[in-house]
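Working notes, beginning with the structure itself.
Remember, it's 1-based here, ligands and their atoms both numbered in the order they're listed. FYI, side chains are in, hydrogens and waters are out, and symmetry mates aren't considered; it's all heavy atoms of this structure.
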Amino acid sequence: MPPDGPLLRVEGLCVSFGGLQVLNDVSLDVPRGGVVGVIGPNGAGKTTLFNAVCGFVRPESGSLSFNGAPLRRPHPHRLTRHGIARTLQGLGLFSRLTVLENVLAGTTHRSRTGVVGALLASPWAQRHERRLAEQAREVLAALEIEDEADRVCASLPYGTRKRVALARALVSRPRLLLLDEPAAGLSETETAELAGIVRGLRENTTVMLVEHHMDFVMNLCDELVVLDFGEVIARGTPAQVRADPAVQRAYLGEAVPGGADA
Ligand SMILES: Nc1ncnc2c1ncn2[C@@H]1O[C@H](COP(=O)(O)OP(=O)(O)OP(=O)(O)O)[C@@H](O)[C@H]1O
Ligand SMILES: [Mg+2]
């Protein structure tokens, strides 16, 4: 396992839905410990890229490697075992469950008791479940929402629910965290707090995020990849991407990334 190689490598990824080419020969690297942003206009294929990495959609061609090894046929249920976790665009929470229950849903691979253990409710199984709950509470505390642990998600403000979604992804202690529009719907203050949280993660966790909020992206990301109509049209540091004419054209009619009205 090359210690210096990228944590995630995407090579020549092609995805189409019923004849519509949604990703066309997409290649990118996510370096260890970095924060890589994927930006692009609506429908550019950003979420589809995440879905392909996570095994929610099957690419027609292309390859993925994670931590130096091929990531063949990734499957959503096995992701946390690989050390990958994601948040969904929107919330994707179980609104009638409590915060703690939602976060525990992110621990499936770490729950080793299985059906038999749960049925027997052995002391070992109970101890294990208690430990998972403790870990979930630790993540909630780190995100400063531990007081909400026993509240039903539906009763909480949107910004808090976004944090619950983040906590659910973090509880599996992923090496790679994929965030799909983590700042969407957040206030300015909440967005700034989120940037601080993501910066704080980078010691242990590599982050790839999709976001339309350009100030957030430009200030937080080390590198950006720009998708347009399923193709990578630019990549580089935020400053390089901001100055790229192809990016300016792709955003015609929208706020130019990092521009005065972004
Ligand atoms: N399961 C699917 N079946 C058919 N078409 C799909 C499917 N998922 C996505 N698409 C189409 O693929 C294209 C890319 O969608 P995708 O959700 O990846 O875009 P995006 O860049 O995440 O956009 P946004 O910024 O609006 O979230 C769109 O045209 C979308 O309608
Ligand atoms: Mg999307």
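Proximity of R199 to L220: side-chain heavy atoms (C-beta onward) are separated by under 4.5 Å at one or more points.
Remark: side-chain polar atoms of S27 are paired, donor with acceptor, to backbone N or O of G12 under 3.5 angstrom.
Counting heavy atoms only, G43 comes closest to atom 23 (O) of ligand 1 of the residues G18, S16, G230, G43. Taking all heavy atoms of L23, T47, I39 into account, the minimum distance to atom 17 (O) of ligand 1 is reached by T47. Compare F229, F17, F56 by their heavy atoms: the one nearest to atom 4 (C) of ligand 1 is in F17. Here the shortest heavy-atom distance to atom 12 (O) of ligand 1, taken over V15, L20, V57, V22, belongs to V22. When the options Q21, K46, Q89, E211 are ranked by their closest heavy atom to atom 27 (O) of ligand 1, first place goes to Q89.
Scanning the protein for heavy atoms near atom 26 (O) of ligand 1, the closest one is N42 ND2, 2.8 Å. The protein heavy-atom contact nearest to atom 16 (P) of ligand 1 is T48 OG1, 3.6 Å.
At least one N or O atom of A44, backbone or side chain, sits closer than 3.5 Å to an N or O atom of ligand 1.
Taking a cutoff of 4.0 Å between a charged side-chain nitrogen and a carboxylate oxygen, D244 and R235 do not qualify as a salt bridge. One finds a salt bridge joining E193 and R163 here, because a Lys/Arg side-chain nitrogen approaches an Asp/Glu carboxylate oxygen to under 4.0 Å.
Put simply, atom 30 (C) of ligand 1 has no protein non-hydrogen atoms near it, under 4.0 Å away.
Around the Mg ion (ligand 2), the protein N, O or S atoms closer than 2.8 Å are T47 OG1, Q89 OE1, listed by chain and residue number.
Heavy atoms of G45 approach ligand 1 to within less than 4.0 angstrom.
Near E181, meaning under 4.0 Å from one of its heavy atoms, ligand 1 places the atoms 25 (O), 27 (O).
Counting non-hydrogen atoms of other residues, nucleotides and ligands closer than 6.0 Å to CD of E60 gives a total above 12. Heavy atoms of other residues, nucleotides or ligands lying less than 6.0 angstrom from CZ of F56 number more than 12. At most 12 non-hydrogen atoms from other residues, nucleotides or ligands lie less than 6.0 angstrom from CZ of R73. Counting non-hydrogen atoms of neighbouring residues, nucleotides and ligands closer than 6.0 angstrom, the CZ atom of F94 reaches no more than 12 such neighbours.
One finds the CG atom of L186 at 4.5 Å from the OG1 atom of T191 (value rounded to the nearest 0.5 Å).
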Practice item. Test H212 against E181 for side-chain contact (heavy atoms from CB on, under 4.5 Å), laying out the working first. Key: CA-CA 7 Å; H212 288 286; E181 301 201 14; 3.1 Å; yes
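Residues V152 and L100 do not share a hydrophobic cluster, defined by chaining ILVMFWY side chains whose heavy atoms lie under 4.5 Å apart.
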